[in-house]
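To start, the structure under review is shown below, and the notes come after it.
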Amino acid sequence: MEAINNEFSKTALQGEEIATFAGGCFWCTEAVFQELDGVHSVESGYIGGKNPNPTYEQVSSGESGHAEAVQIKFEAGKITYGELLEIFFATHDPTTLNRQGNDVGTQYRSEIFYHSEAQQQVAQDYIEVLNSENTFGKKVVTKLSAASEFYPAEQTHQDYYNQNKNQSYCTYVITPKIEKVRTKFSDKLKK
């Protein structure tokens with residue numbers, strides 16, 4: 001991962017950017033990226049499906065085709081898209097199709113929704129390096145797709161971890177991911 005980090009952390013685009021990642025339950029993904037310096041906001045929502053304005057129930061059924069995802073607004077001068085990718089890949093399993101732990105279904109798929117050709121190229125190159133170095137011992141199945149309409153999730157799903165830290169799902173699933181980020185990426189945390 002060190003070689004990957006050195007190569008892709010240098011890939012900085014200018015100004016505020018948007019990154020959209022699906023990596024399982026959006027409660028987990030949101031909490032991880034909220035920790036990072038240079039991240040202005042993280043919003044949980046739905047993307048990649050067929051119906052406009054889906055509800056949590058529709059997405060959870062797997063019928064709508066949407067993924068639970070987060071949309072991250074970040075300052076490229078403080079944290080690069082490559083660094084966000086590094087953290088994205090370090091905090092979920094990109095080798096399982098439509099599954100993260102006990103969360104199973106297409107709504108929990110690993111997918112990067114790129115907002116520019118530059119983001120697409122960086123993500124594609126990053127995945128190629130992960131696969132060529134056999135980083136995970138299995139092939140990365142993370143899909144790359146052009147960003148489509150992002151629908152914010154209901155308010156009860158926003159900032160979920162910070163509002164529900166003592167809930168068992170948060171304690172057993174999300175807290176270990178946050179602790180990993182705080183340990184492994186301490187230099188990228190908000191002060």
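What you see below is based on every heavy atom in this structure, not just the backbone, and it leaves out hydrogens, waters and symmetry mates.
The side chain to side chain contact (heavy atoms under 4.5 Å, CB included) test applied to Thr171 returns no partner, not counting sequence neighbours. In this structure, the side chain to side chain contact (heavy atoms under 4.5 Å, CB included) partners of Glu149, at least two apart in sequence or on a different chain, are Tyr151. Residues passing the salt bridge (charged side-chain N to carboxylate O under 4.0 Å, His left out) test with Glu43, sequence neighbours excluded: none. Here Phe88 pairs with Phe21, His92 under the ring-ring contact (aromatic ring centres under 6.0 Å, His included) rule; sequence neighbours left out. Taking the ring-ring contact (aromatic ring centres under 6.0 Å, His included) definition, one finds that Tyr46 meets it with Phe26, sequence neighbours left out. With sequence neighbours excluded, the residues that form a side chain to side chain contact (heavy atoms under 4.5 Å, CB included) with Lys139 are Asn131. Residues passing the ring-ring contact (aromatic ring centres under 6.0 Å, His included) test with Tyr160, sequence neighbours excluded: Trp27. In this structure, the side chain to side chain contact (heavy atoms under 4.5 Å, CB included) partners of Thr55, at least two apart in sequence or on a different chain, are Glu57, Gln58, Glu154. In this structure Gln107 satisfies the side chain to side chain donor-acceptor pair (under 3.5 Å) test with no other residue, sequence neighbours excluded. For His40, the side chain to side chain donor-acceptor pair (under 3.5 Å) partners are Glu16, Glu75, not counting sequence neighbours. In this structure, Arg99 has no salt bridge (charged side-chain N to carboxylate O under 4.0 Å, His left out) partners at least two apart in sequence or on a different chain.
The shortest non-hydrogen separation linking Ala22 to Ala67 is CB-CB, 3.8 Å. Among all heavy-atom pairs drawn from Ala123 and Leu85, the shortest one is CA-CD1, 3.7 Å. Closest approach of Asn164 to Cys170, counting heavy atoms only: O-SG, 3.1 Å. Across Ala147 and His115, no two heavy atoms sit closer than the pair CB-CE1, 3.5 Å. Closest approach of Ile174 to Ala31, counting heavy atoms only: CG2-CB, 3.7 Å. Between Gly48 and Ser148, the shortest heavy-atom distance links the atoms N-OG, 3.6 Å.
Note that the CD1 atom of Ile87 and the NZ atom of Lys177 stand 13.5 Å from one another [nearest 0.5 Å]. If you take OH on Tyr114 and CD on Gln119, they are separated by 10.5 Å, rounding to the nearest 0.5 Å. Taking CZ from Arg109 and OG1 from Thr96, the interatomic distance works out to 13.0 Å, rounded to the nearest 0.5 Å. In this structure, Cys28 SG and Tyr108 OH are separated by 10.0 Å, a value rounded to the nearest 0.5 Å. Interatomic distance, CG of Asp37 versus NZ of Lys78, reported as 4.5 Å (0.5 Å rounding). Here the NZ atom belonging to Lys188 is positioned 10.0 Å from the CG atom belonging to Leu84, to the nearest 0.5 angstrom.
Side-chain contact between Glu111 and Ser145 is present, with at least one heavy-atom pair separated by less than 4.5 Å. Using a 4.5 Å heavy-atom cutoff, the side chains of Val42 and Val32 are not in contact. Counting only heavy atoms from C-beta outward, the side chains of Glu30 and Gln158 approach each other to under 4.5 Å. Using a 4.5 Å heavy-atom threshold, the side chains of Glu35 and Arg182 count as touching. Residues Tyr126 and Val129 have side chains not in contact (no heavy-atom distance under 4.5 Å, counting atoms from C-beta outward). Between Thr175 and Tyr161, the closest side-chain pair of non-hydrogen atoms falls below 4.5 Å. With a 4.5 Å cut-off on side-chain heavy atoms, Phe74 and Phe33 do not count as touching.
By the criterion of side-chain heavy atoms lying less than 4.5 angstrom apart, applied directly or through intervening Ile, Leu, Val, Met, Phe, Trp or Tyr residues, Val141 is not grouped with Phe136; the two fall into different hydrophobic clusters. Transitive grouping of hydrophobic side chains (ILVMFWY, heavy atoms separated by less than 4.5 Å) brings Leu189 and Ile72 into a common cluster.
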Q: Begin from the C-alpha positions of Leu130 and Thr142 and carry the test side-chain contact (heavy atoms from CB on, under 4.5 Å) through to its verdict.
A: CA-CA 11 Å; Leu130 290 171; Thr142 304; over 6 Å; no
Q: Check the pair Ile127 / Phe89 against side-chain contact (heavy atoms from CB on, under 4.5 Å), numbers first and verdict last.
A: CA-CA 9 Å; Ile127 291 170; Phe89 282 111; 3.7 Å; yes
Q | Verdict with reasoning, Glu68 to Ser44, per side-chain contact (heavy atoms from CB on, under 4.5 Å) | A | CA-CA 7 Å; Glu68 287 193 14; Ser44 291; over 6 Å; no
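Asp159 and Gln34 form a side-chain donor-acceptor contact under 3.5 Å, judged by distance and modelled atom types alone. When only modelled atom types and interatomic distance are considered, Asp103 and Tyr169 share a side-chain donor-acceptor pair under 3.5 Å.
Heavy atoms of other residues, nucleotides or ligands lying less than 6.0 angstrom from CG of Asn134 number more than 12.
Hydrophobic clustering, defined by side-chain heavy atoms of Ile, Leu, Val, Met, Phe, Trp and Tyr closer than 4.5 Å, groups Phe150 together with Ile47, Phe113.
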